[in-house]
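Just so you know, residue 1 is the first one in the sequence shown, and it goes up from there.
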Amino acid sequence: MSNNSEFKRTTVQTTPHSGQKPGTSGLRKKVKVFQQKHYTENFIQATLSAMPGGCEGKTLVVGGDGRFFSPEATQIILRLAAGNGVSHIIIGQDSILSTPAVSALIRSKKADGGILLTASHNPGGPNNDFGIKFNISNGGPAPEEVTNKIYKITEDIKEYHEVDLPDLDLSKTGEFTHGPLKITIVDPVSNYLSLLQSIFDFDAIKEWLHNTNPKPTVLFDALNGVTGPYGRAIFVDTLGLDEKSIQNCTPSPDFGGGHPDPNLTYAHTLVEAVEKNNILFGAASDGDGDRNMIYGKGAFVTPSDSVAIIADWAEKCIPYFKSGVKGLARSMPTSGAIDIVAKKRGLEVFEVPTGWKFFGNLMDAGRLSICGEESFGTGSDHIREKDGVWAIVAWLQILAAANKEKPGSDINDVLMMHWKKYGRSFFSRYDYEECESAGAEKMMAHLRELFESSGFVGSDLSATSSSASFKVASADDFSYTDPIDGSVSSKQGLYIKFEDGSRIIFRLSGTGSSGATIRLYVEKYSQDESEYGKDAQDGLKPLIEVALKVSKLQEFTGRDKPDVITVSRGARVGGARRDPDMMC
Ligand code: VG1
Ligand code: CO
């Protein structure tokens, strides 16, 4: 048996790389940036140094979505972990682990944290993005206190510590010794699968899938991301469905050249197959498996509705929630559909800033069970990350239950039932990608100034193409005080709330790898049944006009069209500044 002293720990001199500030979800940059000399090493050293309680003698989980540069980054992590005195590393075979699976492993193995190698839904490959994210011992993304510390260390880093180890073979599962490190290489799927089996009633889903005439058709699309093996284990091996029920299920380092983002634009392989083959239930997840899209023939579930509907059905049909749902939550720009469910059910509901890291404390304190974000993120306190596959199975469970109540129910029926009970929140998001940072910042500064000017609150903002006008009820920069630890996160998005309950929100993205992406969110609530079947785009038009006018977005950015529009009944894309209306 080896001991630490036999291995030569070396200290390597380095100089800081600028811009290593973790964003909404880790550090995301072009692969070429990570490949620069000492770039990845600096960030890993800073992460290990910033670990709460230090990293010496600790256990870490390492894995990711298998994107280009993951094997190299894994070997760097092993060398630096050894150099910094980490004692045990649990790795997914071939360095593959979905983000939810990392969170589950940290929790079940009682590890002290995890390093995730992913840029999530951003494209991969030598000319695209890589990313590194640090999760803490509860299995969730490191809070801002830790990420700020990481950034601070990167700003004046002078050295890092490593043990010069040969590359470890990551292809075989088992227990190994690698220099001073104990290594456990695990099958990426089994631990996660048994967690899901303890949460859901798979027999009820099977009963619906196999004993209904005609048999419900199902299609899962992993978009060549990490969920391929998880999808196969669930749809084929557990639910006993045909091979044809899954597609794009082999993880690829560049996601087959695609954009592993589950929305109606980028998951077109799913959308086309569902429409062509009349599939009742279609679903996709993103590169690292934490996002999901639910899409059946002619029916698209917005993420804001999805989380509200799961929250509404959970206690009734998902065994994990049988003993009760503790509380609900959403990110600030997510529609208020879940708030209405909470109110009717007498549950606490929280509004947190964008990013999953803000849900963890509430879950740890036992006040939050189910939460979501408008950006295709849905999850619960079974782990501390959003969980795409979990959300997909939750929808299968709901459909199985709905079919018990009313045979033949499909996704549209579940949606309509929900809106009839609670009203409908129309929601849309416009993304202006890779704008010039200076222009985007100026637009935000202009809005801040406007919000502070006297008379803005109470004023009427009018649309350009109609007589519609909206009275400003409040306008501010969203600030959040964590109810558990009292930490304050400010400047989390500019919102205007109107007297009729509608909202418009402006945020700058924290996940892009270059330039500034402006996100504009609009929301309107309706209890008029005659509107429920409508496309959100029409009803929201006056609000969007108001948003563009008040922000002077075009003037500041030169953009007259967004790149991506996500609407209640679909996402349309403009791609490289193309006309989004042409692409629906
Ligand atoms: C986006 C989404 C946010 C999500 C984050 C990470 O952040 O808006 O809701 O939590 O991505 O998701 P931003 O700052 O670009 O708006 V993932 O699937 O990339 O881990
Ligand atoms: Co993701």
Side-chain angles (χ1 to χ4, degrees), residues 25-35 63-74 92-102 116-133 170 188-189 219-235 246-274 282-293 295 375-377 385-389 391-392 431 433-434 509 511-514 517 563-564 566 571 573 575-576:
S25 182
L27 181 71
R28 296 183 190 181
K29 301 281 178 199
K30 296 283 176 219
V31 164
K32 296 214 155 47
V33 173
F34 276 100
Q35 285 170 327
D65 57 18
R67 67 178 60 224
F68 190 85
F69 195 60
S70 299
E72 294 85 344
T74 305
Q93 188 176 17
D94 290 322
S95 192
I96 293 270
L97 281 171
S98 74
T99 292
V102 171
L116 294 86
L117 306 173
T118 173
S120 190
H121 56 284
N122 298 17
N127 298 314
N128 282 306
D129 289 3
F130 188 70
I132 301 180
K133 193 164 91 125
L170 302 169
V189 178
L219 182 62
F220 169 74
D221 192 330
L223 301 180
N224 305 299
V226 75
T227 53
Y230 300 83
R232 174 177 297 279
I234 288 164
F235 289 91
I246 59 173
Q247 66 180 18
N248 299 318
C249 277
T250 306
S252 119
D254 69 348
F255 308 107
H259 196 134
D261 196 354
N263 57 44
L264 293 185
T265 300
Y266 295 125
H268 57 91
T269 45
L270 174 83
V271 172
E272 280 151 22
V274 163
S285 53
D286 72 335
D288 65 326
D290 55 358
R291 295 186 177 206
N292 75 94
M293 178 175 78
Y295 180 83
S375 54
F376 298 84
E385 286 279 5
K386 54 187 186 271
D387 189 342
V389 174
I392 291 165
D431 294 324
E433 293 174 351
E434 295 187 23
S509 155
T511 55
S513 59
S514 53
T517 290
D563 298 274
V564 179
T566 305
V573 72

Start with the C-alpha distance between R67 and D254, add both sets of side-chain angles, then the distance that settles side chain to side chain contact (heavy atoms under 4.5 Å, CB included), and finish with yes or no. CA-CA 6 Å; R67 67 178 60 224; D254 69 348; over 6 Å; no
Only one of D290, D65, D286 clears side-chain contact (heavy atoms from CB on, under 4.5 Å) with H121; which? D286
Please determine whether side chain to side chain contact (heavy atoms under 4.5 Å, CB included) holds for the pair N128 and F68, giving the CA-CA distance in whole Å, both sets of side-chain angles, and the decisive distance to 0.1 Å. CA-CA 9 Å; N128 282 306; F68 190 85; over 6 Å; no
Across all chains, not counting sequence neighbours, the salt bridge (charged side-chain N to carboxylate O under 4.0 Å, His left out) partners of D129 are K30
Test of understanding: with salt bridge (charged side-chain N to carboxylate O under 4.0 Å, His left out), list the residues that count as partners of D387, not counting sequence neighbours. none
Could you verify whether a donor N or O on one side chain and an acceptor N or O on the other, from [X] and [Y], lie under 3.5 Å apart?
| X | Y | answer |
| --- | --- | --- |
| S252 | N224 | no |
| S98 | T227 | no |
| T511 | S25 | no |

Give me the atom names and distance for the closest heavy-atom approach of [X] to [Y].
| X | Y | result |
| --- | --- | --- |
| Y266 | D261 | CB-O, 3.2 Å |
| Y230 | V189 | CE2-CA, 3.9 Å |
| C249 | P251 | O-CD, 3.6 Å |
| V271 | Y295 | CG1-OH, 3.7 Å |
| F69 | Q35 | CE1-CG, 3.8 Å |
| S120 | D288 | OG-OD1, 3.0 Å |

Interatomic distance, L223 atom CG to D221 atom CG [nearest 0.5 angstrom]: 4.5 Å
Working to the nearest 0.5 Å, report the span between NE2 of H259 and CG of N122. 6.0 Å
Do [X] and [Y] have side-chain heavy atoms sitting under 4.5 Å apart?
| X | Y | answer |
| --- | --- | --- |
| L117 | T74 | yes |
| V226 | I96 | yes |
| V102 | E385 | no |
| I132 | R28 | no |
| L170 | Q93 | no |

Could you tell me whether the side chain of S375 and the main chain of G377 form a donor-acceptor pair under 3.5 Å? no
Would you confirm whether Q247, through its side chain, and T269, through its main-chain N or O, come within 3.5 Å as a donor-acceptor pair? yes
Do T566 and F376 pass the side chain to side chain contact (heavy atoms under 4.5 Å, CB included) test, and can you show the C-alpha distance, the side-chain angles, and the key distance before you say yes or no? CA-CA 11 Å; T566 305; F376 298 84; 4.2 Å; yes
Using side chain to side chain contact (heavy atoms under 4.5 Å, CB included), reason through L270 and M293 one step at a time and then give a plain yes or no. CA-CA 10 Å; L270 174 83; M293 178 175 78; 3.8 Å; yes
